[in-house]
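Everything on this sheet refers to the single structure shown next.
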Amino acid sequence: MDLGAGLSRPDHRPVLFIGDGSLQLTATELGTLYQRVPQAVVFLLENRGYTVERCIQSPHAVYQDILAWDWPAVPAALGAPQVHTPRVGTLRGLAEALAEVTDRPDDGFFITVDLPMMDAPRLLRVLAEGIGTLNARD
Ligand SMILES: Cc1ncc(C[n+]2csc(CCOP(=O)(O)OP(=O)(O)O)c2C)c(N)n1
Ligand SMILES: [Mg+2]
């Protein structure tokens with residue numbers, strides 16, 4: 001996470017983009033992050049599972065799904081009650097959240113970004129298609 005980055009450069013503001021699946025594996029660090037780096041900004045990319053794995057194989061397999069957490073409640077549950085926790089699902093909502101982040105440079109933010117389940121970068125889609133083609137040949 002950006003705990004190390006924040007500790008090494010306390011005059012800066014670390015920004016972390018992390019998937020919902022990855023954060024469920026590492027969430028215990030979040031309380032410490034906001035305790036030691038109160039101005040940290042985290043974008044939680046919520047797409048209800050392992051989208052990178054869905055793109056590669058078996059998009060609808062049950063093991064790609066993760067349980068939806070009440071994400072905006074997570075920082076407080078881990079001991080960081082002062083963190084702002086907006087949830088955004090539109091470009092306008094994102095712009096508003098970014099404006100708030102800029103307006104409050106000393107505050108912590110945990111921004112839950114709602115994304116469509118299969119939304120993925122073009123590079124990943126092209127790579128996954130190639131892997132699928134190679135797999136089908138063998
Ligand atoms: C500790 C650990 N366990 C499992 C993996 C395998 N792994 C790589 S990517 C991934 C899914 C990531 O899902 P998410 O963070 O929700 O990102 P998304 O693709 O949905 O944006 C997993 C399980 C890993 N890298 N590290
Ligand atoms: Mg995910």
Side-chain angles (χ1 to χ4, degrees):
M1 258 191 216
D2 49 358
L3 177 56
L7 290 176
S8 66
R9 300 293 298 272
D11 51 326
H12 284 56
R13 191 181 208 187
V15 178
L16 173 71
F17 295 86
I18 186 165
D20 47 5
S22 301
L23 191 57
Q24 286 197 356
L25 297 174
T26 55
T28 48
E29 291 276 303
L30 263 189
T32 310
L33 170 67
Y34 290 114
Q35 178 203 27
R36 302 293 305 278
V37 189
Q39 77 280 19
V41 179
V42 176
F43 290 88
L44 183 271
L45 308 181
E46 178 168 39
N47 50 20
R48 297 176 305 288
Y50 301 148
T51 294
V52 62
E53 306 284 356
R54 293 187 203 277
C55 289
I56 295 169
Q57 196 170 350
S58 307
H60 302 295
V62 66
Y63 53 75
Q64 312 286 20
D65 299 336
I66 60 169
L67 198 60
W69 285 6
D70 180 359
W71 290 109
V74 167
L78 294 171
Q82 306 302 336
V83 175
H84 302 275
T85 59
R87 177 186 276 278
V88 305
T90 60
L91 276 180
R92 179 191 291 259
L94 181 62
E96 286 169 8
L98 290 175
E100 214 190 329
V101 168
T102 308
D103 283 349
R104 299 171 180 270
D106 299 325
D107 288 6
F109 281 81
F110 182 87
I111 302 165
T112 302
V113 184
D114 282 320
L115 293 170
M117 186 185 280
M118 291 308 293
D119 189 32
R122 188 168 162 270
L123 176 60
L124 173 59
R125 283 188 274 115
V126 170
L127 284 174
E129 251 178 62
I131 293 169
T133 307
L134 286 173
N135 274 341
R137 233 177 30 191
D138 294 335

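Just so you know, ligand 1 is whichever comes first in the structure, and atom 1 is the first atom listed for that ligand. What you see is a predicted model; the values in this text were computed from it and never measured.
- Residue-environment remark: CD (E100) exceeds the threshold of 12 foreign heavy atoms within 6.0 Å.
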Using the side-chain contact (heavy atoms from CB on, under 4.5 Å) rule, take L33 and F110 through it: C-alpha gap first, then chi angles, then the decisive distance, then the call.
CA-CA 11 Å; L33 170 67; F110 182 87; over 6 Å; no
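- Ring geometry for F17 against F43 counts as parallel: the plane angle stays under 30°, on a 0 to 90° scale with 60° as the upper cut.
- At least one N, O or S atom of G49, from either the backbone or the side chain, sits less than 2.8 Å from the Mg ion (ligand 2).
- There is no protein heavy atom less than 4.0 angstrom from atom 26 (N) of ligand 1.
- Put simply, part of G49 is less than 4.0 Å from ligand 1, judged by heavy atoms.
- Interface atoms of ligand 1 facing E53, defined by a heavy-atom separation under 4.0 Å, are 7 (N), 8 (C), 9 (S), 10 (C), 22 (C).
- Given atom 17 (O) of ligand 1, the protein heavy atom at minimum distance is G19 CA, 4.0 Å.
- The protein heavy atom nearest to atom 21 (O) of ligand 1 is N47 ND2, 3.3 Å.
- Residues C55 and A128 come closest through the heavy atom pair O-CB, 3.1 Å.
- The two atoms that bring R13 and R104 nearest to each other are NH2-O, 2.8 Å, heavy atoms only.
- Between the side chain of Y50 and the backbone N or O of S22 there is no donor-acceptor pair closer than 3.5 Å.
- Closest protein heavy atom to atom 9 (S) of ligand 1: V52 CG1, 3.6 Å.
- Under the 4.0 Å criterion applied to side-chain N and carboxylate O atoms, R125 and D119 are not assigned as salt-bridge partners.
- Of the charged side-chain nitrogens involved, none lies within less than 4.0 Å of a carboxylate oxygen, so that R48 and D20 do not count as a salt-bridged pair.
- Here the protein heavy atom with the shortest distance to atom 5 (C) of ligand 1 is L25 CD1, 4.9 Å.
- Rounding to the nearest 0.5 Å gives a distance of 4.0 Å between CD1 of I18 and OG1 of T26.
- Taking backbone and side-chain atoms together, D20 has an N/O/S atom less than 2.8 Å away from the Mg ion (ligand 2).
- Among the atoms of N47, an N, O or S atom is found under 2.8 Å from the Mg ion (ligand 2).
- Protein heavy atom at the shortest distance from atom 14 (P) of ligand 1 is G21 N, 3.6 Å.
- Scanning the protein heavy atoms around atom 11 (C) of ligand 1, the nearest turns out to be Y50 CD2, 3.3 Å.
- Ligand 1 lies out of reach of L45, whose nearest heavy atom is not under 4.0 Å from it.
- Close contacts of ligand 1 with S22, meaning ligand atoms under 4.0 Å from a residue heavy atom, involve 12 (C), 14 (P), 15 (O).
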